[in-house]
Amino acid sequence: MNPWFTHTVCLECGHQMPPDIHLSTCTACGSQWLDARYDYEAVSKLWPSSIKGRDRSLWRYVELLPLGEPDVEITMGEGYTSLTRLYSYEQIYQHEHLYAKDERQGPTSSFKDRQAALSVMAMRRAGITECVLASTGNAGAAYAAYCARAGIKLWLFLTSLVPSEKMREAALYGAEVVKVSGTYDETKHVAAEFAKRKGIHLDRGAKAIPGKESMKSLAYEMAEQMTAKLGPDSTGKWRAPDWYIQAVSGGIGPLGVWKGFQELYQMGLIDHLPKLGIIQAAGCAPMVQAFHAGAETATPVIPKTLITVLATGDPGPAYGLLRDACLTSGGTMLAIEDGAAFEAMRRLASKAGFSVEPATAVAFAGLESMLTDGIIAPTETVIVNCSGHTFTAESHILGDQYVLDLQIQNGEKRTTQQTPAIHEGLDAAIRKLDEQVTSILIVDDNPTDRRLIKRLLQRYKRYRIDEAGNGAEALHAIRDRQPDCIISDLTMPEMDGFAFLEMLKMDPVTASIPVVVISAKTISADDARVLDQYSESVWTKGGFDTRVLVDHVVTMLGHSLDIEESGEVRAVRPLRRPDTGPLTSGQMISIVAVEDSPDDLRLIRKVLEASGPYKVFSATNGRDGLKAIYEHKPDLVVLDLMLPDMDGFAVLDALEHDHRLRDIPVVILSAKELTAAEARRLEQHAVLMVPKAQFNRDEFLARVKVILG
Ligand SMILES: Cc1ncc(COP(=O)(O)O)c(C=O)c1O
Ligand SMILES: [Zn+2]
């Protein structure tokens, strides 16, 4: 730990705590917004003279970084990027002092390398081996790289709009990439929930001490580099620029930079504080809007910008802190349209030789607009954070399963409020993610058999499935990714199933992975003894009902078989009783049956009510059916298609449009021959189709049981 790090302060209530980078909440008020404080008096005696001969990385400012010396195995020499003068812009705008702080020079080509380096080192020191991070892209790539060096497993949650190059880059570093179809704020929510449920450390970004502290190094570097370029000012101090301009999303950059300059000012190393130029994409500019409305808090927005890196719709307390900084410094906040950013991007490349990503171009568009409007005076020195540059990662060395696709199903029109529907969607998405992060290893020397088992499982569940051709390959694959379950053959070349099982069960790290054996081998009494000890179950190839096997595997993994698919009965989306908690014994399950034939209706009721705690409410036309559904909010609906008044399709549409009814599973029991268009319509609903002609009492009941969970 750093001896100059004296204490931690709560930014919300001012409470003082010991100097601890691992503190996550204020012990007085519970706030997560904590700040590190140092012995500035002592440091001001050392700086700047003691810094001069040090390494050109952010670690030259070690006294004011909370970690002390860096971990040599993790650092990549981050920081100390060039400060480059923009001569062509100076000419165009008749200005003298325009500079870019070239953060593209970081190890993963963005300024987030600073944050990743410190945060990952802090994690390692705390003994953390697994971490969850939500990111709009660049922090993800940076953390992935540093986590790779630190041997920390990273679960990286990105919105689906993040360019695939960035996802691939993170995956290449070995991160588990989870692609979330939702806004960035929803993605953060899912990541936090995932971390909580799995008990994994969650990176808290700008709130956490290492994140913001790392960004202070930008301020120190800018002051030192400005001084090297222009010479010390008249009083012999370092020079602060008059403006620091940055494209802003969550705001960790300017928060850190502002703090860094404040510290330098407090230590008497600079004679003024720079003005902050906070630039946001117009389609996601909650801070800019609040600032110009004079508001103390920002109202969250739903991002409508192509520049996904800047898509923080809800800035939280970061806004208030940056607003204070802008008001204190005389700075401002500004919004830039996407189109203007893309034009600025082209100009910057063709005039200044800087190829930047769109998010960075937002800052340069802001610079140009401020120069044009005279917000920046002709004599003022300006530094723009040239925050990032993307490059592509090799696509074909990664398999097709490098990214987990997570859809937040949400038919509600989005509003700025987090609607209950969004939460329901998130909950379902997290449940689905649990399935998607489940991995199975299939070990069989016959590729056709492997593919068969894989396809069989993937028809029901979106598990991640790896394959191996023999025991040795399997052990190798397990080292890469520890599976939740192994399905293994017995007779295989090189290392057979028995030897493999023995190796697996001898190693305490892998001993608890359940193994299901599927083999054509005749099992001797000796074999049976070994298999009894080492495997969950043994299945003879070709001699079992595939659904029973899938059911067994799925149940073993703690899931349930909730997607039905076979021959005459199809389901398109998972079918389940809405999650209203476990049924207690004695509780009735309510079912509404809508059927215009009295005979059929009687049959349905008899079959159901005779077989379990089912209470069937019936209706003989669509309108009455819908009324009964509204009234009883049943656990299941059995619906005919050809109905007087309002047909089955119209009933389904009505259910789909009401979020309280949307999740009620529906079984279609109908004699209707479906046209292709009708089949497609049914596919849009979560329905199970049972043609009347093929009605079989036991099968029907079995399916109803599965649906009701
Ligand atoms: C290239 C780039 N520029 C700007 C930003 C916005 O930075 P901040 O998190 O400080 O708001 C980001 C954030 O991810 C970024 O990656
Ligand atoms: Zn507090």
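Counting starts at 1 for both ligands and their atoms, in listed order.
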N/O separation below 3.5 Å, Pro254 to ligand 1:
no
Tell me if the CZ atom of Arg54 is crowded by more than 12 foreign heavy atoms within 6.0 Å.
yes
Indicate yes or no: does an N/O atom of Ser110 lie under 3.5 Å from an N/O atom of ligand 1?
no
Closer than 4.0 Å to some heavy atom of Leu310 - which atoms of ligand 1 meet that?
4 (C), 5 (C), 6 (C)
Under 3.5 Å donor-acceptor, Gln105 side chain and Ser82 backbone:
yes
Going by an N to O cut-off under 4.0 Å, is there a salt bridge joining Asp71 and Arg125?
yes
Mind checking whether Glu357 has an N or O less than 3.5 Å away from an N or O of ligand 1?
no
Hey, could you give me the CZ/OG distance between Arg346 and Ser355, rounded to the nearest 0.5 Å?
12.5 Å
So does Lys259 pair up with Asp35, basic N to acidic O under 4.0 Å?
yes
State yes or no: are the ring centers of Tyr220 and Trp238 separated by less than 6.0 Å?
no
Among His97, Lys275, His272, which residue satisfies the side-chain hydrogen bond (donor to acceptor under 3.5 Å, both in side chains) criterion with Asp242?
His272
For the Zn ion (ligand 2), angle spanned by Cys26 SG and Cys29 SG (nearest 10°) is 110°
Do Val248 and Pro254 touch side chain to side chain, with heavy atoms closer than 4.5 Å?
yes
Show me which atoms of ligand 1 lie under 4.0 Å from any heavy atom of Val309.
2 (C), 12 (C), 13 (C), 14 (O), 15 (C), 16 (O)
Closer than 2.8 Å to the Zn ion (ligand 2): does that hold for any N, O or S atom in Cys13?
yes
Interfacing atoms of ligand 1 (cut-off 4.0 Å, heavy-atom, Asn138):
1 (C), 2 (C), 15 (C), 16 (O)
Run down the list Ala247, Ala206, Ala318 and name the one with the heavy atom closest to atom 4 (C) of ligand 1.
Ala247
Distance-only, no hydrogens or angles: does the Asn385 side chain make a donor-acceptor pair with backbone N or O of Ala247 under 3.5 Å?
no
Does CZ in Phe342 sit with more than 12 non-hydrogen atoms of other residues, nucleotides or ligands closer than 6.0 Å?
yes
The atoms of ligand 1 lying under 4.0 Å from a heavy atom of Thr136, numbered in the order shown, are 14 (O)
Give a yes or no on whether Glu41 atom CD has more than 12 heavy-atom contacts from other residues, nucleotides or ligands under 6.0 Å away.
no
Output yes when the distance from some N or O of ligand 1 to some N or O of Gly253 is under 3.5 Å, and no in every other case.
yes
For atom 2 (C) of ligand 1, what's the nearest protein heavy atom and its distance?
Ser387 OG, 3.3 Å
Gln246 N/O under 3.5 Å from ligand 1 N/O:
yes
List ligand 1 atoms under 4.0 Å from Ser249, heavy atoms only on the residue side.
6 (C), 8 (P), 11 (O)
Less than 4.0 Å is my threshold; does some heavy atom of Gly251 fall inside it relative to ligand 1?
yes
Which one holds for Thr360 and ligand 1: side chain close, backbone close, both close, or neither close, with close meaning a heavy atom under 4.0 Å?
side chain
Where does Lys112 meet ligand 1, judged by heavy-atom distances below 4.0 Å: at the side chain, the backbone, both, or neither?
side chain
Go through ligand 1 atom by atom and flag the ones less than 4.0 Å from a non-hydrogen atom of Gly250.
9 (O), 11 (O)
